[in-house]
Amino acid sequence: MKARWDIFCSVVDNYGDIGVTWRLARQLVVEHACNVRLWVDDLRAFERMCPEIDVHLDEQWQEGVEVRFWPTEWRDTASADVVIAAFACQLPPEYMEAMAASARAPLWMNLDYLSAEEWVVGCHRLPSVKFKGVQKYFFFPGFRPGTGGLLREAGLLEQRQAFQQDAAAQRQFLQALGVFATEGARLISLFAYENAGLGRWLDVLSSDVRPTHLLVPEGRILGDVQRWLGVEGLVAGDVHQRDALTVQVLSFVRQEQYDRLLWCCDFNAVRGEDSFVRAQWAGRPLLWHIYRQDEDIHLDKLDAFLALYTAALSPAASAALIALWQAWNTDGDMAQAWKMLLEHWPEVNQHAQTWCLEQGLQADLATALVQFYESWI
Ligand code: TRH
């Protein structure tokens with residue numbers, strides 16, 4: 001009999017929570033033949049990346065996943081065989097009672113935040129708290145062997161490589177989004193939170209000898225883009241040119257299209273966790289705007305990733321990449337840092353591909369979860 005999985009997603013803000021759980025749910029269905037219910041407390045956030053979602057429905061099927069609205073007033077529901085609390089969200093108390101009452105206690109996991117820090121390896125798969133005899137476990141995604149790995153659908157890297165080798169397919173894809181970049185222009189995607197350093201970066205891009213076409217999905221960085229352009233009310237479809245820099249605002253697209261956008265670009269500025277991982281699968285150089293946390297603990301995460309990511313780079317290229325990422329995340333001088341990075345472009349570009357292939361050798365997160373369940377039963 002197919003294993004039944006319940007994935008709980010509480011949308012805190014932004015799109016990372018639903019982005020990760022929606023990918024995971026689909027992969028469990030398609031690649032591991034699981035029965036998956038995805039409980040989401042904010043269907044509007046979900047709708048942004050999956051326009052087929054009917055925000056008024058409590059129950060619906062999307063791509064083989066049973067999508068359930070997670071209501072504030074919980075209704076009696078039998079527990080599944082595997083229960084995932086995404087990003088440490090609190091399960092409904094009534095559901096926890098149902099887990100405890102079930103003839104066979106489920107495997108209950110906390111799917112944690114992504115981090116490259118070393119301690120993650122030691123905590124991955126460790127028992128956490130118990131509720132009336134039902135044991136919860138920590139499950140950590142990660143970059144290091146000994147963690148749960150990263151979300152990666154079967155054949156993703158092969159699809160990406162084929163697409164990147166097909167200039168016509170890329171052109172067609174971009175044109176469907178309304179993107180007509182001039183020949184030889186550097187393509188950059190920009191998905192970020194508000195960032196005071198943006199202006200200095202755009203200054204240097206606009207005064208470069210090589211043209212740049214900057215693609216900005218609608219979102220939190222638009223205010224900074226507007227300020228730099230000296231315009232108001234930017235919306236999807238708007239295109240503005242300042243010397244060598246063309247800025248184009250894009251609609252928020254579905255996840256598969258966003259992947260393709262990343263695959264088309266020479267450089268991707270991403271944020272959060274999910275777009276960060278997808279940019280790595282694009283095999284292209286990237287810039288991470290990490291989600292800000294209290295007491296700057298996000299900076300430890302940033303350093304841990306940088307240490308791992310740059311370990312195989314030459315000291316000069318590593319210093320350039322670190323300087324750029326630090327500048328972006330701590331309001332440093334983006335102009336100087338970008339110029340430095342360009343000096344090491346071929347090496348950084350090659351490294352992005354090598355890193356992607358190396359990460360691709362690890363078991364993906366969905367497979368790791370299924371393997372954990374199989375070893376647990
Ligand atoms: O939206 P985010 O900033 O989410 C964040 C992080 O996950 C963070 O760790 C978390 O704690 C916080 O939310 C609450 O960034 P992230 O993770 O990259 O998620 C964005 C999702 O949106 C990702 O799945 C990709 C998707 N996306 C699209 O589907 N279409 C688009 O056009 C764009 C720009 C993104």
Side-chain angles (χ1 to χ4, degrees), residues 7 9-27 38 40-42 44-53 62-63 85-89 110-117 120 140-142 150-153 156 173-174 176-179 187-195 214-222 225 234-237 248-265 268-282 286-294 297-302 304-305 328-329 365:
I7 302 176
C9 171
S10 168
V11 176
V12 179
D13 56 8
N14 303 319
Y15 304 105
D17 312 289
I18 184 60
V20 165
T21 50
W22 175 225
R23 281 192 205 287
L24 173 63
R26 280 178 293 171
Q27 210 186 329
L38 174 58
V40 186
D41 65 357
D42 177 356
R44 298 230 172 251
F46 197 173
E47 190 190 20
R48 292 298 300 279
M49 63 190 65
C50 177
E52 291 78 22
I53 285 290
Q62 296 292 346
E63 300 187 38
F87 303 112
C89 69
N110 201 21
L111 178 59
D112 254 285
Y113 287 93
L114 174 63
S115 173
E117 290 162 298
V120 165
F140 280 91
L150 303 171
L151 279 175
R152 189 188 71 247
E153 298 81 6
L156 179 77
F173 169 76
L174 288 170
L177 293 183
V179 177
L187 266 191
I188 298 183
S189 76
L190 173 64
F191 182 47
Y193 308 112
E194 299 76 5
N195 195 318
L214 183 74
L215 300 167
V216 193
E218 277 179 317
R220 292 172 55 174
I221 191 76
L222 274 194
V225 176
L234 278 181
V235 289
Q248 178 164 7
V249 183
L250 298 181
S251 312
F252 200 93
V253 291
R254 48 191 320 128
Q255 279 184 326
E256 298 71 28
Q257 286 176 302
Y258 181 58
D259 273 345
R260 277 173 174 65
L261 180 69
L262 296 172
W263 300 351
C264 285
C265 288
N268 292 301
V270 287
R271 71 181 207 194
E273 299 189 344
D274 193 49
S275 55
F276 175 48
V277 170
R278 304 315 280 190
Q280 290 170 58
W281 296 140
L286 69 147
L287 173 62
W288 185 26
H289 200 186
I290 187 168
Y291 188 71
R292 206 174 271 255
Q293 283 174 288
D294 292 341
I297 54 168
H298 60 289
L299 295 180
D300 295 336
K301 278 193 190 175
L302 184 74
F305 180 79
W328 193 229
N329 285 286
L365 183 70

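Each ligand, and each atom within it, is numbered from 1 in the order the structure gives.
- In terms of modelled atom types and a separation under 3.5 Å, the side chain of His298 and the main chain of Ile290 share no donor-acceptor contact.
- At a heavy-atom cutoff of 4.0 Å, ligand 1 is contacted by no atom of Val20, backbone or side chain.
- In terms of protein heavy-atom proximity, atom 32 (O) of ligand 1 is nearest to Val253 N, 2.9 Å.
- Side-chain rings of Phe252 and Tyr258 stay apart, their centers remaining 6.0 Å or farther from each other.
- Of the protein's heavy atoms, Tyr193 OH, 2.5 Å lies nearest to atom 3 (O) of ligand 1.
- Polar contact with ligand 1: present for Gly16 (N/O pair, distance under 3.5 Å).
- For the pair Arg292 and Glu194, the salt-bridge criterion is not met [side-chain N within less than 4.0 Å of a carboxylate O].
- Residue contacts with ligand 1: Trp22 is excluded, as none of its non-hydrogen atoms falls under 4.0 Å.
- Any N or O atom pair closer than 3.5 Å counts here, and Gln255 shares at least one such pair with ligand 1.
- The protein heavy-atom contact nearest to atom 15 (O) of ligand 1 is Gly272 CA, 3.5 Å.
- Between the side chain of Asn110 and the backbone N or O of Ala88, at least one donor-acceptor pair lies under 3.5 Å.
- Distance alone, capped at 3.5 Å, places no donor-acceptor pair between the Asn195 side chain and the Ile221 backbone.
- Under 3.5 Å, the side chains of Gln255 and Arg260 contain no donor-acceptor pair of N or O atoms.
- Between Asp274 and ligand 1, an N or O atom pair is found at a separation short of 3.5 Å.
- A cation-pi contact, defined as under 6.0 Å to the ring centre and within 45° of the axis, links Arg152 to Trp281.
- Residue contacts with ligand 1: Ser251 is placed with no nitrogen or oxygen under 3.5 Å of a nitrogen or oxygen of the ligand (distance criterion only).
- Panel note: side chain Asp42, backbone Arg44; a donor-acceptor pair is recorded below 3.5 Å.
- Remark: the backbone N or O of Asp274 is not paired with any side-chain donor or acceptor of Arg278 at under 3.5 angstrom.
- Checking side-chain atoms of Ser115 against main-chain N and O of Glu117 turns up a donor-acceptor pair under 3.5 Å.
- Scanning the protein heavy atoms around atom 9 (O) of ligand 1, the nearest turns out to be Glu273 CG, 3.2 Å.
- Here's the thing with Tyr113: none of its N/O atoms is less than 3.5 angstrom from an N/O atom of ligand 1.
- Ligand 1 does not have Phe87 within reach: every non-hydrogen atom of the residue lies 4.0 Å or more from it.
- Between Tyr15 and ligand 1, at least one N/O pair is under 3.5 Å apart.
- Residue Phe276 places no N or O, backbone or side chain, under 3.5 Å from any N or O of ligand 1.
- Near Pro217, meaning under 4.0 Å from any of its heavy atoms, are these atoms of ligand 1: 34 (C).
- By the criterion of a heavy-atom distance under 4.0 Å, both the backbone and the side chain of Phe252 are placed next to ligand 1.
- For ligand 1, the atoms closer than 4.0 angstrom to any heavy atom of Gly19 are 24 (O).
- Contact check on Arg254 versus Glu52 returns a salt bridge, with a Lys/Arg side-chain nitrogen under 4.0 Å from an Asp/Glu carboxylate oxygen.
- Atom 14 (C) of ligand 1 has as its closest protein heavy atom Asp13 OD1, 2.9 Å.
- Under a 3.5 Å cut-off, the side chain of Tyr193 and the backbone N or O of Gly272 do form a donor-acceptor pair.
- Asn14 CB, 3.5 Å is the protein heavy atom nearest to atom 13 (O) of ligand 1.
- The parts of Ser275 lying near ligand 1 are both backbone and side chain, judged by heavy-atom distances below 4.0 Å.
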